[in-house]
Amino acid sequence: AAVEERLAAACRRAGRERAEITLVAVTKTVSADVARCLPALGVHHLGENRPQELTRKAALLPAAVHWHLIGHLQRNKIDRTLPLVSCIHSVDSVRLLQALDQEAGKQGKGVAVLVEVNAGGEGSKQGFAPADVPALAPVLRALRNVEVKGLMTMAALQEPESCRPTFALLRGLRDRLRRALEPPHTVEHLSMGMSNDFEVAVEEGATFVRLGSVLFQGVTDRGT
Ligand SMILES: *Cc1c(COP(=O)(O)O)cnc(C)c1O
């Protein structure tokens, strides 16, 4: 309820509707038993950063949960992960895009992805350099089963207001890539904003916020 209050206030400041934003609860630090409580609280989108843990929890939770993979996907885990996820936020190389395209074709389904951008410019972060994003358009157009729904970034852990330029940069890259592509590449989403900085991200246009610690701090978890 406190997080919803903060989301609503950020929406009011930005003149946005709460319905434009999907809260993805990042369950990587809690058990499947705790994660299982979320749908009853109205949270149906859950995120994990490790494919193996996503697979484990997905088997324990209701099939109606929408799973988001938000961390690095090794190519040897693509086949098992694809059937479970509604969106992969963390596509960080052309090789991965092409491997996803091939496996999705084999499985006879499309796969919704976001392209991860290292918009904060930190050396330690995954993702495409901002300058390389526009040149992805022809690569993406050649894919048959991958559907690019938008961009994702992680801002540096710093004063939230200092994250604003990172989020604004991602929005500009999204707008430019969207103009260069046609459906099924709708390129409408911006996955940005974590516990530290989600209000600024909403003000800058986030459509997915990925929240972990702000939801689960204080949760005593002895589940599995
Ligand atoms: C862990 C994680 C989050 C959530 O981080 P919090 O600061 O706990 O909200 C969001 N995105 C990614 C990619 C993560 O790995």
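What you are looking at is a predicted structure, and each value in this text was computed from that prediction instead of being measured. The first residue in the sequence is number 1, and the count goes up from there. No hydrogens, no waters, no symmetry mates; every other heavy atom, side chains included, goes into these values. All ligand and atom numbering here is 1-based and tracks the order in the structure.
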Colleague: I need the nearest protein heavy-atom contact for atom 5 (O) of ligand 1: residue, atom name and distance, please.
Modeller: Met194 CE, 3.5 Å
Colleague: Taking all atoms of both residues into account, what is the closest heavy-atom pair of Ser86 and His66, and its distance?
Modeller: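 Between these two residues, the closest heavy atoms are OG-CB, 3.7 Å.
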Colleague: Quick test of your reading of the structure: of Leu215, Ile70, Leu211, whose heavy atom lies closest to atom 12 (C) of ligand 1?
Modeller: Ile70
Colleague: Which pair of heavy atoms, one from Ser195 and one from Ser213, lies closest together, and at what distance?
Modeller: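 For Ser195 and Ser213, the tightest heavy-atom pair comes out as OG-OG, 3.2 Å.
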Colleague: Near Met154, which atoms of ligand 1 are under 4.0 Å from a heavy atom of that residue?
Modeller: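 In order of numbering, the contacting atoms are 13 (C).
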Colleague: At their closest point, which heavy atom of Pro184 faces which heavy atom of Lys149, and how far apart are they?
Modeller: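 That would be O-NZ, 3.5 Å.
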Colleague: What protein heavy atom lies closest to atom 14 (C) of ligand 1? Include the residue and the distance to one decimal.
Modeller: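 Looking only at protein heavy atoms, the one closest to atom 14 (C) of ligand 1 is Lys28 NZ, 3.0 Å.
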Colleague: Run through Leu169, Leu173, Val91 and flag the one making a side-chain contact (heavy atoms from CB on, under 4.5 Å) with Leu151.
Modeller: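 Passing option: Leu173.
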Colleague: Can you name the closest pair of heavy atoms from Val24 and Gly47 and give their distance?
Modeller: CG1-N, 3.6 Å
Colleague: Using the salt bridge (Lys or Arg N to Asp or Glu O under 4.0 Å) definition, which of the options Arg16, Arg164, Arg13 pairs with Glu204?
Modeller: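 It is Arg164, the one option of Arg16, Arg164, Arg13 that forms the salt bridge (Lys or Arg N to Asp or Glu O under 4.0 Å) with Glu204.
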Colleague: Among all protein heavy atoms, pick out the one at the shortest distance from atom 11 (N) of ligand 1; state its residue, atom name and that distance to 0.1 Å.
Modeller: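 Nearest neighbour among protein heavy atoms for atom 11 (N) of ligand 1, to 0.1 Å: Arg210 NE, 2.9 Å.
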Colleague: Can you pull out the closest protein heavy atom to atom 8 (O) of ligand 1? Residue, atom name and distance to 0.1 Å, please.
Modeller: Ser213 N, 2.8 Å
Colleague: So, 4.0 Å and heavy atoms of Asn196: is ligand 1 close enough to count as a contact?
Modeller: no
Colleague: Would you say the rings of His89 and His68 are close, in the sense that their centroids are separated by under 6.0 Å?
Modeller: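 Yes - the distance between ring centres of His68 and His89 falls below the 6.0 Å cut-off.
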Colleague: Using a plain distance cutoff, I'd like to know if Gly212 has any nitrogen or oxygen under 3.5 Å from a nitrogen or oxygen of ligand 1.
Modeller: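 In this structure, Gly212 places an N or O atom under 3.5 Å from an N or O of ligand 1.
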Colleague: Report, in ascending order of atom number, the atoms of ligand 1 lying under 4.0 Å from any heavy atom of Ser195.
Modeller: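 The list of qualifying atoms is 6 (P), 7 (O), 8 (O), 9 (O).
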